[in-house]
Amino acid sequence: GQQLNQSPQSMFIQEGEDVSMNCTSSSIFNTWLWYKQDPGEGPVLLIALYKAGELTSNGRLTAQFGITRKDSFLNISASIPSDVGIYFCAVDRGSTLGRLYFGRGTQLTVWP
Amino acid sequence: NAGVTQTPKFQVLKTGQSMTLQCAQDMNHEYMSWYRQDPGMGLRLIHYSVGAGITDQGEVPNGYNVSRSTTEDFPLRLLSAAPSQTSVYFCASKEGGGGEQYFGPGTRLTVT
């Protein structure tokens, strides 16, 4: 099956630091998504990217859709304790049917 | 709107037992899907539906059945539970075309 390589697997940072995580694929995808999952809950969409080279921000979050359409990164600036959770990249397999492939996730821990 | 609701929240089954995981959405979304999440893994698509009466297999469909008799409901059936089906199950829905996919809170299933 399709593999999305997401790194790092986990991060332990201090409040106020910036965070960067990325996701790569061997295949081209036309939609890249970043989700956050809090403990005991379902994933929630943070940012959706639809165009190669696109850079999109949502508050302290910034994500980019790689120009090759095979990668994406997510940056979080000035982290706060509520940023703790698991961050997933995902791609839509096409046709906007919502059939998503997910990366394995980045577990983020923020120390106060 | 309640969004996407799932019941039960927790379930323990013995090997060979059957059960149905319930999923409902009140957003009149056309597309609904089921994912499973295993430790250290991203979510993997089990089955999906593009409308009432229409279902198709995802990435890991074996051991699961689905049906979609109404727009609102998309139950997932395990006919003969196996320990390999121990997982957290998430239901999701989205409207047709583009748009965000909304996830339910999950059902944590343990098969002994």
Side-chain angles (χ1 to χ4, degrees), chain A residues 1-10 21-25 27 29-51 54 56 58 63 65 72 74 85-108, chain B residues 2-10 21 23 25 27 29-51 54-62 66 68 74 87-108:
Chain A
Q2 175 59 41
Q3 293 274 334
L4 289 185
N5 300 309
Q6 185 172 350
S7 63
Q9 189 174 352
S10 61
M21 59 192 77
N22 69 79
C23 205
T24 62
S25 168
S27 299
F29 291 101
N30 294 320
T31 301
W32 283 81
L33 308 163
W34 285 94
Y35 284 85
K36 183 191 178 199
Q37 184 179 31
D38 291 325
E41 298 187 12
V44 174
L45 182 66
L46 298 174
I47 293 179
L49 301 159
Y50 299 106
K51 189 176 176 183
E54 178 183 2
T56 297
N58 178 9
F65 189 161
S72 177
L74 175 70
I86 305 176
Y87 292 79
F88 291 100
C89 62
V91 292
D92 196 315
R93 299 175 212 200
S95 306
T96 65
L97 295 181
R99 294 178 294 155
L100 304 181
Y101 278 118
F102 281 81
R104 294 190 175 216
T106 295
Q107 172 74 61
L108 179 64
Chain B
V4 180
T5 58
Q6 293 183 239
T7 56
K9 197 163 179 63
F10 302 94
L21 307 186
C23 174
Q25 53 91 9
M27 298 174 282
H29 285 170
E30 290 180 58
Y31 300 149
M32 296 185 73
S33 49
W34 277 100
Y35 293 82
R36 61 177 287 174
Q37 183 179 27
D38 300 304
M41 303 281 289
L43 282 70
R44 291 182 293 168
L45 182 66
I46 304 172
H47 285 286
Y48 66 98
S49 169
V50 300
I54 307 169
T55 64
D56 207 344
Q57 296 181 349
E59 197 179 349
V60 287
N62 292 341
V66 292
R68 183 103 179 265
F74 190 41
S87 190
V88 182
Y89 291 85
F90 290 99
C91 179
S93 76
K94 71 184 291 292
E95 58 188 9
E100 179 178 348
Q101 184 156 202
Y102 294 88
F103 286 84
T107 293
R108 185 174 294 275

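Values in this document were obtained by computation on a predicted structure and should not be read as measured data. Residue numbers start from 1 in every chain, and the chains themselves are labelled A, B, ... in the order their sequence lines are given, proteins ahead of strands.
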Point-to-point distance, once rounded to the nearest 0.5 Å, from CD of E41(A) to CZ of F103(B):
13.5 Å

Non-hydrogen atoms of chain B under 4.5 Å away: do they reach the side chain of Q107(A), the backbone, both or neither?
neither

Does any non-hydrogen side-chain atom of L100(A) lie less than 4.5 Å from one of Y35(B)?
yes

Under 4.5 Å from any heavy atom of chain A, what part of E30(B) do you find: side chain, backbone, both or neither?
neither

What is the minimum heavy-atom distance between F90(B) and Q37(A), and which atoms define it?
CZ-NE2, 3.3 Å

Measure the spacing between OH of Y35(A) and CD of Q101(B) and express it to the nearest 0.5 Å.
5.0 Å

Correct closest heavy-atom pair for M41(B) and F88(A) would be O-CE2, 4.0 Å

Looking at chain B, which one of P43(A), G103(A), A48(A) has the largest number of heavy-atom pairs inside 4.5 Å, strictly under?
P43(A)

Might you confirm whether atom CZ of R44(B) has over 12 heavy atoms from other residues, nucleotides or ligands at distances under 6.0 Å?
yes

